[in-house]
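In what follows, a single structure is set out as structure tokens and then discussed.
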Amino acid sequence: MSRYNPRATEMKWQRQWDEASIFRAENTSTKPKYYVLEMFPYPSGRIHMGHVRNYTIGDVLTRFYMARGFNVLHPMGWDAFGMPAENAAMEKGTHPADWTYDNIAAMRTQLKQVGLAIDWSREIATCDPDYYGHEQALFLDFLEAGLVYRRESWVNWDPVDNTVLANEQVIDGCGWRSGAPVERRKLSQWFLKITEFADDLLDGLKLLERWPEKVRLMQENWIGRSEGLRFTFLITGRDEGIEVYTTRPDTIFGASFCAIAADHPLAARLATDNAELTAFIAECRRMGTSQEALEKAEKKGFNTGLTVRHPFDDTLELPVYVANFVLMDYGTGAVFGCPAHDQRDLDFARKYNLRVQPVVVPQDVPVADFSVEEEAYVGPGRLAHSDFLDGLSVEEAKTRVIDRAEAEGWGKRSVTFRLRDWGVSRQRYWGTPIPIVHCESCGTVPVPREHLPLTLPEDISFDKPGNPLDHHPDWKHTSCPSCKKPALRETDTLDTFVDSSWYFIRFTAPDSSQPIDMDAANYWLPVDQYTGGVEHAILHLLYARFFTRALQHCGHVSLKEPFDGLFTQGMVNHMTYRDEDGKWVFPSLVRERDNGALMRSDTGAAVEAGRVEKMSKSKRNVVDPDDIIDQYGADTARWFVLSDSPPERDLVWTETGIEGAWRFTQRLWRLVSGAQGSLVAPGTAIADPVSEDSLALRRVVHKAIAGVTADIEGLHLNRAVARLYELANAIGGCDVPQINPAVYREALESLVRLVSPMMPHLAEELWQSLGHKTLLAGADWPQADAAMLVDDTVTMGVQVGGKLRDTIVVAKDAPREDVEAVALASDKVMRAIDGKTVRKVVVVPNRIVNIVV
RNA sequence: GCCCGCUUGGCGGAAUUGGUAGACGCAAGGGACUUAAAAUCCCUCGGCCUUUAGGCUGUGCCGGUUCGAGUCCGGCAGCGGGCACCA
């Protein structure tokens with residue numbers, strides 16, 4: 001028999017699907033909708049196995065829900081702005097746009113070879129002026145709605161490259177490209193008010209039942225809501241105070257110092273005539289970027305000489321320090337330190353010989369016996385040495401202090417979030433230009449909407465350090481839209497996370513003249529199943545949730561949670577190899593010698609296998625999807641990435657694994673296409689009654705249908721694969737002449753249809769070989785016959801004293817007494833009982849019998 | 001440091017609400033076919049003992065609940081992930 005030739009076959013069906021526009025989603029339909037989406041790729045140049053896995057998972061769902069009668073939207077686009085394009089421009093001199101569009105073209109071709117059921121008519125690229133022009137309009141909407149503002153904030157500044165660095169570009173305190181020590185600088189930046197929605201984003205998490213618990217928890221921690229007291233310490237001898245925030249107002253009587261951040265305005269004022277303090281503040285600022293690890297451990301402070309008065313005790317004065325561990329961005333930028341009940345404060349107090357007064361004592365310890373030495377006590381207990389709080393629990397004491405502070409007017413109950421507003425300004429070329437003009441007389445003026453899209457200039461140069469938009473000869477020079485006088489454009493561009501915060505909405509109406517077609521958005525959203533890597537658990541997913549709320553606020557959509565179901569898939573890993581020189585070796589170059597040792601196929605040098613790690617270019621443990629598809633075809637690659645490992649866990653790519661998948665591909669081909677001679681015409685009804693063998697086969701088939709269906713719905717794709725192996729084994733093990741031909745056809749057709757979401761090309765080919773004239777991609781999903789799912793008999797285990805001794809076959813739902821009788825009649829069971837008294841017999845219907853002796 | 005998750009054969013992994021542990025795949029070993037190889041097919045495959053039959057033991061470790069625990073509870077260890085001077 002001929003072998004299956006994937007290359008020709010796959011191309012043939014891809015063309016047919018394309019010609020039939022079978023994956024095109026309609027914005028109006030009588031069918032229920034289902035929106036499948038995988039996180040869109042950055043066009044880095046070539047797809048990798050992680051992409052293949054990600055998009056195959058989504059593709060299985062797409063084809064499955066299509067077959068189940070849904071109107072399915074499964075689009076693809078490109079997260080096309082970002083730094084790699086600029087890096088390529090600097091290194092190779094290619095224009096970012098050319099580099100990006102070339103990469104998109106290459107990756108589109110590759111993705112098409114995977115045979116994905118994608119509606120390519122909706123393809124978008126975020127670097128397309130049509131897309132980012134609409135994004136600019138949304139930015140202006142947000143501005144009008146008061147969700148955008150501008151303020152100064154600190155950035156990592158590379159003084160050689162004249163550019164702002166992202167945190168990951170700062171390596172050991174130095175710029176990744178220039179190697180120059182990074183400075184902290186204050187720049188005016190645009191912010192989106194995500195904190196406005198902090199409570200709502202937190203509350204919304206509870207309703208996201210189809211999200212992984214882990215991701216919800218990570219977002220919850222990221223938002224970091226806390227409740228506490230905000231109050232002002234009066235500075236002794238001055239007519240001003242220091243506002244502090246605390247979540248432990250109950251420990252107020254244990255306070256022994258007040259600490260303010262290095263960036264606190266008071267610190268700045270005190271530093272004007274204090275060189276030592278100036279030096280200390282400078283040291284704190286360096287800390288953030290440079291010697292983090294070194295300094296992290298040590299709590300340092302600078303005694304300002306000021307003191308503040310304790311709110312409950314006029315006689316008590318607390319010293320005021322500038323401390324390196326207090327953050328200006330959180331709370332009020334100032335705290336009171338209670339060393340006995342906070343480890344950080346304790347370390348600080350020990351260093352500067354400050355009072356350590358325990359005020360919370362564990363329940364079972366006498367107050368007099370309790371002291372704190374090197375470890376702060378943070379557990380529950382009752383209050384002591386605390387005046388009117390003595391004897392109260394921590395919770396009671398918190399409430400009492402806050403109530404009193406509010407009654408006396410010097411403090412307020414306050415909710416604080418760790419979450420900060422989203423800084424979206426980037427000092428780069430390859431991003432969405434921020435549609436703002438800076439005018440000396442009018443201030444910041446929005447670019448009029450009729451001038452959108454505000455496009456990037458094409459004639460730019462990366463010869464000079466810094467932002468090309470900034471030193472472009474004329475781009476930034478314009479006139480003020482308001483007063484018409486000469487003015488300057490904003491030269492910052494938007495964070496690329498903005499681009500990815502609404503692309504899933506644009507997919508619903510990619511050609512709309514408005515940023516969002518509300519009808520289309522409301523029809524398709526929310527995304528029913530969103531799939532991507534867990535590395536986007538916080539930022540991308542939180543920004544998209546915020547963005548959707550902001551769009552709702554501005555009247556663009558009528559929902560606030562964009563993703564109903566979220567699935568985070570695992571990474572694709574591979575064994576690493578090194579040669580004698582310690583150089584990483586590509587797996588495709590590794591060969592096995594006869595004695596089992598590994599060698600390089602090109603040089604013959606010995607190779608040593610290392611750990612299994614995430615596929616990465618730097619370690620060269622990558623397998624190129626193109627090579628795999630060339631050699632085995634897309635179906636085999638798809639099958640392999642779906643088999644064995646549950647999709648949420650890491651997958652280890654192995655050469656033997658892909659070989660196994662390839663063998664199964666061939667086996668299916670032989671099993672189905674080899675049956676042609678013995679088949680009845682398509683659609684032949686199964687005449688009752690059928691033989692025992694035929695009935696048994698039908699039962700297996702229908703159980704497989706039910707099982708695979710449930711597995712795909714539950715995203716247990718590896719289990720679905722295992723069931724399909726079982727079904728193929730069962731069909732292959734049949735004595736074909738003994739099987740009713742219509743039953744055999746049903747078995748083969750079911751197998752082909754169940755396999756089709758995973759191996760769509762092969763399934764299509766086999767469907768045709770079974771005599772069908774229409775595309776399988778448009779066919780219905782098989783229905784399990786409930787009557788075939790129940791057996792007449794069940795096999796039950798029989799335990800004696802909890803140990804399995806025998807299994808018995810009894811009628812399904814047989815009466816308890818009958819089951820007991822059969823169980824007790826078993827030789828093996830009698831031997832195990834061995835004359836002991838039977839105290840009790842537990843019978844769990846259709847499951848197990850346990851005889852207690 | 002805090003929070004979360006995981007731990008089942010040589011390997012990846014199955015196992016409804018607690019109910020026959022190891023489905024399915026990979027690897028390994030043996031056999032058939034073949035001049036030979038590839039491909040394919042058949043058999044074995046957690047460990048220990050045993051002639052068959054069978055017995056004992058076994059889901060990271062210790063303990064508990066239960067007629068019955070991979071599954072539930074308490075403690076411990078190891079691995080992985082997230083966050084981190086967040087007051």
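Sequence lines set the chain letters: A, B, ... in the order given, protein chains first and strands last, and positions in each chain run from 1.
- The gap from the P atom of B/C2 to that of B/A14 amounts to 32 Å, rounded to the nearest Å.
- Using bins of under 30°, 30° to 60° and over 60° for the plane-to-plane angle, the ring pair A/Y725/A/F664 lands in the tilted bin.
- Judged by distance alone, with hydrogens and angles left aside, A/K299 brings a side-chain donor or acceptor within reach of the base of B/C85, the pair sitting under 3.5 Å.
- At a cut-off of 3.5 angstrom, counting only N and O atoms as typed in the model, there is no donor on one side facing an acceptor on the other between the side-chain of A/R805 and the base of B/U20.
- Across B/C4, B/G68, B/A14, the shortest atom-to-atom separation from the side chain of A/N850 is found for B/G68.
- Counting non-hydrogen atoms under 4.0 angstrom, A/Q799 reaches a base of the nucleic acid.
- Legend: residues meeting salt bridge (charged side-chain N to carboxylate O under 4.0 Å, His left out) with A/R230, ordered by chain and number and at least two apart, are A/E243.
- You'll find that the side chain of A/V335 is closest to B/A87, out of B/G54, B/C83, B/A87.
- By the salt bridge (charged side-chain N to carboxylate O under 4.0 Å, His left out) test, A/R413 pairs with A/D403, A/E406, sequence neighbours left out.
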Would you be so kind as to tabulate the donor-acceptor pairs closer than 3.5 Å made by side chains of residues 652-660 of chain A, with sequence neighbours excluded?
| unit_1 | atom_1 | unit_2 | atom_2 | d |
| --- | --- | --- | --- | --- |
| A/T654 | OG1 | A/G657 | N | 2.9 |
| A/E655 | OE2 | A/H574 | NE2 | 2.8 |
| A/E659 | OE2 | A/Y632 | OH | 2.8 |

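- Comparing B/U20, B/A14, B/A23 against the side chain of A/A722 picks out B/A23 as the nearest.
- Scanning residues 706-714 of chain A for heavy-atom distances under 4.0 Å to RNA chain B yields an empty list.
- In this structure, B/G10 and B/C26 make a Watson-Crick or G-U wobble pair, each of the two defining distances being under 3.5 angstrom.
- Backbone-only engagement by A/N718 is indicated by non-hydrogen atom pairs under 4.0 Å involving sugar-phosphate atoms exclusively.
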Enumerate, atom names and distances included, each donor-acceptor pair closer than 3.5 Å involving a side-chain atom of residues 811-822 of chain A, sequence neighbours excluded.
| unit_1 | atom_1 | unit_2 | atom_2 | d |
| --- | --- | --- | --- | --- |
| A/D813 | OD1 | A/N846 | ND2 | 2.8 |
| A/R816 | NH1 | A/V843 | O | 3.2 |
| A/R816 | NH2 | A/V843 | O | 3.3 |

Report all interatomic pairs (protein N or O, nucleotide N or O of nucleotides 25-30 of chain B) with separations under 3.5 Å.
| unit_1 | atom_1 | unit_2 | atom_2 | d |
| --- | --- | --- | --- | --- |
| B/G25 | OP1 | A/N729 | ND2 | 3.3 |
| B/C26 | OP1 | A/R663 | NH2 | 3.1 |
| B/C26 | O2' | A/T656 | OG1 | 3.2 |
| B/A27 | OP2 | A/R663 | NH2 | 3.4 |

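- Distance noted for atom P between B/G60 and B/G13: 14 Å (whole Å).
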